[in-house]
Amino acid sequence: MSLYNAREAEEKWQKKWKEMSLYTTDLNDKDRKKYYNLVMFPYPSGDKLHIGHWYNFAPSDSWGRYKRMQGYNVYEPMGFDSFGLPAENYAIKHGVHPQKSTKKNIDYMKKQLNAMGAMYDWSTEISTSHPDYYKWTQWLFLQLYNHKLAYKKKSPVNWCPQCQTVLANEQVVEGQCERCDAEVTKKDLSQWFFNIRDYAERLLDFSDLDWPEKTQLMQEHWIGKSTGSTIVFDVVDPSTKKPTGKTITVFTTRIDTLFGATYMVLAPEHKLVDDITTDSHKENVNDYVEKAKKETDINRSAEGREKTGVETGAYVKNPINGKIIPVWIADYVLASYGTGAVMAVPAHDERDFAFAQKYKLPITQVIKPADGSELPLDEAFTDDGILINSETFDGLPSSEARKAITKALEKGKKGELTTQYKLRDWLISRQRFWGAPIPIVYCNDCGEVPVPEEDLPVVLPLEGVDFNPKGESPLATVDNFVHTKCPSCGKPAQREVDTMDTFVCSSWYFLRYPNAHNTEKAFDKHLTDTWLPVDMYIGGPEHACMHLLYARFITKALHDFNFIDFDEPFKKLVHQGLITKDGAKMSKSKGNTVSPDEFVEQYGSDVFRMYLMFMGPFTDGGDWNDSGIKGIARFVDKFYDLIYTKADVQDEETLQKMLHKTIKKVTEDMEKFQFNTAISALMEFTNSASKTRIDYESKKIAVKLIAPLAPHLAEELWETLNQGDSVFNAKWPTYSEELITEDTVQIVVQVNGKVRATFEAPIDIQKDDAVHRAKKIKKIQKYIEKGTVVKEIFVPGKIVNIVVK
RNA sequence: GCCGCGGUGGCGGAAUUGGUAGACGCGCAGGACUUAAAAUCCUGUAUGGGUAAUACCAUGUGAGGGUUCGAUUCCCUCCCGCGGCACCA
């Protein structure tokens with residue numbers, strides 16, 4: 001039996017920390033360097049925190065404690081992302097009001113977070129569904145609105161028939177709703193957008209950020225920049241071939257293939273479709289457009305789907321050679337990208353090739369392979385090459401031709417260099433109840449009028465609302481909410497009834513934390529510039545193209561509005577790995593979630609959090625399996641007994657060497673977020689020190705080393721060592737280089753690269769000496785005698801390799 | 001299809017400016033303590049030979065090839081798993 005009672009100690013210290021206000025950060029401290037240590041705040045959708053949260057939160061807290069011991073003024077806030085679909089769907093399912101279920105879930109989660117014993121500064125807790133918070137989310141909306149970055153527009157949008165609301169592009173995963181997996185359809189609706197596209201180029205700049213390569217790549221792909229040219233084609237009369245005065249602009253990255261354009265294709269939603277279609281083709285075209293509208297994205301973009309399209313009867317003139325080509329409509333061209341129209345070059349584009357084959361359209365080859373190989377006839381040749389059949393441009397390589405042809409078109413104003421992005425504007429309105437109301441009023445006389453700042457918040461009515469989704473915002477049925485006065489002229493007017501996407505709430509919460517008590521402003525400029533950007537941000541990689549992109553956009557916008565001096569929210573970002581259960585993602589619906597509570601009850605928070613960290617690298621995650629948790633429990637007992645038990649040190653030199661090696665190893669591993677190897681180093685030290693015994697001063701160092709990883713245990717032992725203050729006010733130990741340098745090393749002797757023997761030697765042994773000594777070893781002699789020595793290799797302090805032939 | 005990451009004992013994993021593969025932990029086996037069990041402690045534990053036991057030998061980091069005195073680490077081809085994107089012209 002160990003002497004340590006984890007449950008008692010943990011309860012005792014959680015209480016004491018609270019009494020001492022140990023983790024209440026002095027945000028105005030000017031003596032110490034600030035450190036903003038942030039973890040993505042949870043949404044109270046289920047009823048409790050699961051293992052995944054702990055896997056995320058506990059190491060983040062260990063990191064914060066480590067930085068604190070290094071002398072930083074660490075700020076580790078916590079709050080709840082309590083608005084939004086997850087919380088609302090949970091409430092509907094359980095037949096409770098979202099406000100009630102949210103509160104209940106938050107209360108329970110706080111209990112769990114308390115049991116974890118993290119150093120959260122609860123004095124600045126925030127909850128996005130509280131009017132004190134969403135008042136400022138609405139303020140944020142108004143700032144964007146005033147700077148023309150928020151606008152309402154009718155357009156085809158993603159519609160989830162299950163959740164009965166529109167969704168942002170980012171919330172559609174493989175054509176399905178991110179939340180409920182229902183197939184997403186398109187609807188023509190008037191909706192609110194944030195103009196994130198304006199920031200596409202700046203969002204590609206990661207130069208001052210310490211972010212995972214992978215996340216940068218994901219955002220880059222999502223933004224999807226490509227440079228090419230726009231080309232203007234004149235629409236010509238089908239019979240006379242004379243220009244009609246109308247033009248169609250296409251976007252291409254392959255202007256070098258312009259001579260190979262044998263037809264043009266418009267997206268069914270292209271606004272000129274109706275205009276250019278000739279009477280004899282109207283019926284066909286209308287049918288096709290109607291059908292395309294009904295198709296879901298998932299069907300329209302299914303891989304290997306056969307291409308379809310119809311002729312419009314219209315013709316356009318190729319500006320480079322005057323060739324007249326037909327205009328088609330096909331749904332493989334997307335209205336939302338580029339200009340919604342493409343020039344089709346079947347010889348050099350796979351999609352165009354497939355389409356041309358099906359509809360027997362001409363295929364003209366204009367590029368030949370640069371390496372002289374034959375042009376294929378049964379497929380498109382899509383690589384760059386040398387131009388052929390392109391009049392004066394023949395013989396030019398693709399890259400040159402792109403410049404030359406663009407130049408030629410520029411003269412006649414028929415083409416220019418353009419950049420396109422896949423990123424679309426952020427759709428932020430939702431036809432749901434549980435969100436921040438959009439602060440806009442519609443007046444018959446004044447039109448769209450923003451709610452004045454002093455009238456915020458536009459309070460979400462909590463009573464008398466049937467919040468079940470029905471395709472229109474539930475707020476539309478609340479008369480005393482809808483009917484109001486126009487802020488501009490005072491006449492009767494109606495409120496906007498849609499609410500904001502919950503990602504708007506979370507796109508700025510990190511700015512609010514230090515300002516949580518500010519009732520005058522969303523944030524104070526000086527305080528915010530002092531504390532931000534966030535020094536360390538930890539959360540899941542699934543937010544790469546949503547929250548993390550939105551937060552960067554909002555920060556840049558607020559910077560441009562002169563509210564803050566920085567334009568990136570998170571200086572360093574780390575993603576924790578995913579914890580699975582039997583290989584599957586843990587989820588409520590699958591019923592395979594694992595609760596941390598029983599483990600904490602049985603082994604204590606320290607053991608549980610250390611076990612999560614010991615499982616493997618933090619960024620890897622892994623499959624949950626509790627079989628090894630006993631090992632950590634044993635280690636904690638051993639460590640406690642080692643420090644608690646009095647015994648005279650037996651081997652001072654070995655102890656000191658081991659101790660200082662451990663300081664070095666743990667420090668380096670903490671820096672690299674390699675908690676698993678930091679813990680194993682502490683295990684090795686404990687095993688070793690149990691043999692050598694340990695003195696008082698070394699005990700203090702050992703306790704400090706384990707403190708970030710096992711805070712309660714360390715605090716308890718710190719007290720038994722008669723240290724008055726908290727161990728978290730103590731300084732992180734440093735090691736002595738001198739103590740860890742060995743004066744002798746083991747030199748490995750290899751023959752032909754295979755280890756055959758070893759010998760002890762001074763660390764600075766020279767080659768001649770080492771080779772000489774190696775050759776004297778009997779076993780080595782046997783190998784040498786079998787042939788002749790052709791080479792001797794010496795790696796200082798490590799290896800002698802004798803090559804025998 | 002494209003982009004990115006990974007594949008090491010029975011299991012989780014260590015070790016890479018190329019230098020003793022398997023640290024640490026789990027599990028397992030044997031032993032001590034105990035009337036017995038649990039707990040604890042000690043010893044062993046990549047695989048295959050080999051030995052009374054050491055010694056020793058061979059093989060071994062998804063597969064195959066290459067570079068090198070030497071490859072888990074670098075290069076090429078392929079297989080498998082995971083994550084992201086997906087008709088973006």
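Here is how names work: the chains are called A, B, and so on, in the same order as the sequence lines, proteins then strands, and each is numbered from 1. Basis for what follows: all heavy atoms, side chains included, without hydrogens, waters or symmetry-related copies. Note that the structure is predicted; figures quoted are calculated from it, not measured.
If you check every strand for non-hydrogen atoms under 4.0 Å, A:Thr758 touches nothing. As judged by a 4.0 angstrom heavy-atom cut-off over every strand, A:Pro541 is placed among residues making no nucleic acid contact.
A donor-acceptor pair under 3.5 Å is absent between the side-chain atoms of A:Asn676 and the main chain of A:Met615, judged by distance alone. Looking only at distances, a side-chain donor or acceptor of A:Asn318 sits under 3.5 Å from a matching main-chain atom of A:Leu258.
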Using Watson-Crick or G-U wobble pairs with both distances under 3.5 Å, give me RNA chain B in dot-bracket, 5' to 3', with [ ] for crossers and | for pairs to another strand.
(((((((..(((......[....)))((((((.......))))))((((......))))..(((((..]....))))))))))))....
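A distance of about 28 Å separates the C1' atoms of B:rC76 and B:rG22, rounded to the whole Å. The P atoms of B:rU8 and B:rC2 are separated by 25 Å, rounded to the nearest whole Å. Between the P atoms of B:rC74 and B:rU16, the separation comes to 13 Å (whole Å). With both ends at atom P, the span from B:rA46 to B:rG10 equals 10 Å, rounded to whole Å. Taking atom C1' in both B:rA58 and B:rC5, the straight-line distance is 35 Å, to the nearest Å. Nucleotides B:rA32 and B:rA37 are separated by 11 Å at their P atoms, to the nearest Å. Using atom P as the reference point in both B:rU73 and B:rG18, the two lie 11 Å apart (nearest Å). Here, B:rU54 and B:rG44 have their P atoms 12 Å apart, quoted to the whole Å.
The pair A:Lys664-A:Glu668 counts as a salt bridge, with a side-chain nitrogen and a carboxylate oxygen less than 4.0 angstrom apart. Between A:Lys225 and A:Glu220 no salt bridge is recorded (no basic side-chain N to carboxylate O distance below 4.0 Å).
The only member of A:Thr339, A:Thr249, A:Thr252, A:Thr230 that meets side chain to side chain donor-acceptor pair (under 3.5 Å) when paired with A:Thr418 is A:Thr230.
Under the salt bridge (charged side-chain N to carboxylate O under 4.0 Å, His left out) criterion, A:Asp620 pairs with no residue at all, not counting sequence neighbours. When the salt bridge (charged side-chain N to carboxylate O under 4.0 Å, His left out) test is applied to A:Lys414, the partners found at least two apart in sequence or on another chain are A:Asp234. Under the rule for a side-chain contact (heavy atoms from CB on, under 4.5 Å), the partners of A:Thr262 that lie at least two apart in sequence or sit in another chain are A:Pro346, A:Pro362, A:Thr364. In terms of the ring-ring contact (aromatic ring centres under 6.0 Å, His included) criterion, residue partners of A:Tyr644 (sequence neighbours excluded) are, by chain and number, A:Tyr640. Partners of A:Arg634 according to the salt bridge (charged side-chain N to carboxylate O under 4.0 Å, His left out) rule, which considers only residues two or more places apart in sequence or in another chain, do not exist here. Evaluation of the salt bridge (charged side-chain N to carboxylate O under 4.0 Å, His left out) rule for A:Glu379 yields no partner, not counting sequence neighbours.
Rounded to whole Å, the distance from CD on A:Glu350 to C1' on B:rG1 is 8 Å. Residue A:Phe635 contributes atom CZ, which lies 15 Å from atom P of B:rU40 at whole-angstrom precision. Distance, A:Glu684 CD to B:rG25 C1': 11 Å, rounded to whole Å. Nucleotide B:rC87 holds its P atom 13 Å from the OH atom of A:Tyr332, rounded to whole Å. A straight line from CH2 of A:Trp222 to P of B:rC3 spans 19 Å, rounded to a whole angstrom. At whole-Å resolution of the value, CE in A:Met264 and C1' in B:rA89 are 12 Å apart. One can place OH of A:Tyr337 at 12 Å from P of B:rC87, the figure rounded to the nearest angstrom. Atom P of nucleotide B:rA71 and atom CG of A:Asn801 are separated by 10 Å, given to the nearest angstrom.
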N/O-N/O pairs, protein side and nucleotides 54-62 of chain B side, under 3.5 Å:
| residue | atom | partner | partner atom | Å |
| --- | --- | --- | --- | --- |
| B:rC57 | OP1 | A:Tyr783 | OH | 2.6 |
| B:rA58 | OP2 | A:Arg756 | NH1 | 3.2 |

Just the atom pairs and distances: protein N or O near nucleotides 4-12 of chain B's N or O, under 3.5 Å.
| residue | atom | partner | partner atom | Å |
| --- | --- | --- | --- | --- |
| B:rG12 | O2' | A:Met615 | O | 2.5 |

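Proximity of A:Lys791 to the phosphate of B:rC69: a side-chain N or O atom is located under 4.0 Å from OP1 or OP2. Between A:Arg634 and the phosphate of B:rC26, there is a side-chain N or O to OP1/OP2 separation shorter than 4.0 Å.
Between A:Glu170 and A:Trp222, the side chains place a donor N or O and an acceptor N or O closer than 3.5 Å (distance only, hydrogens not considered). With hydrogens and angles left out, the side-chain atoms of A:Thr692 and A:Thr654 include no donor and acceptor closer than 3.5 Å.
Applying the side-chain hydrogen bond (donor to acceptor under 3.5 Å, both in side chains) test to pairs two or more places apart or on separate chains, those with a residue in residues 784-805 of chain A are A:Lys775-A:Glu792.
Proximity note for A:Ile793 (side chain, C-beta onward) versus B:rA89, B:rC87, B:rG19: the nearest is B:rG19. For A:Leu334, the side-chain atoms get nearest to B:rA89 when compared with the rest of B:rA23, B:rC69, B:rA89. Distances from the side chain of A:Gln746 to the nucleotides B:rU20, B:rC69, B:rC87 place B:rU20 closest.
For RNA chain B, the neighbouring residues in residues 662-682 of chain A, judged by any heavy atom under 4.0 Å, are A:Asn676, A:Thr677, A:Ser680. Residues from residues 767-777 of chain A with heavy atoms under 4.0 angstrom of RNA chain B: there are none.
Here B:rG70 is in the anti range [glycosidic angle more than 90° from 0].
Not a single donor-acceptor pair, N or O on each side, falls under 3.5 Å between the base of B:rC85 and the side chain of A:Lys422.
The aromatic rings of A:Phe599 and A:Phe608 sit parallel, their planes meeting at an angle under 30°, below the 60° perpendicular limit.
Minimum heavy-atom separation, A:Ile255 to A:Leu409: CD1-CD1, 3.8 Å. The two residues A:Asp383 and A:Arg254 make their nearest non-hydrogen contact at O-NH2, 3.5 Å.
Place A:Ile629 and A:Val755 on RNA chain B by their nearest nucleotides, and A:Val755 ends up nearer the 5' end. Nearest-nucleotide positions on RNA chain B for A:Val342 and A:Asn687 put A:Asn687 closer to the 5' end.
Remark: A:Arg552 is positioned above the aromatic ring of A:Phe206, its terminal NZ or CZ atom under 6.0 angstrom from the ring centre and at most 45 degrees off the axis. Cation-pi contact between A:Lys307 and A:Tyr332: present, with separation from the ring centre below 6.0 Å and deviation from the ring axis of at most 45°.
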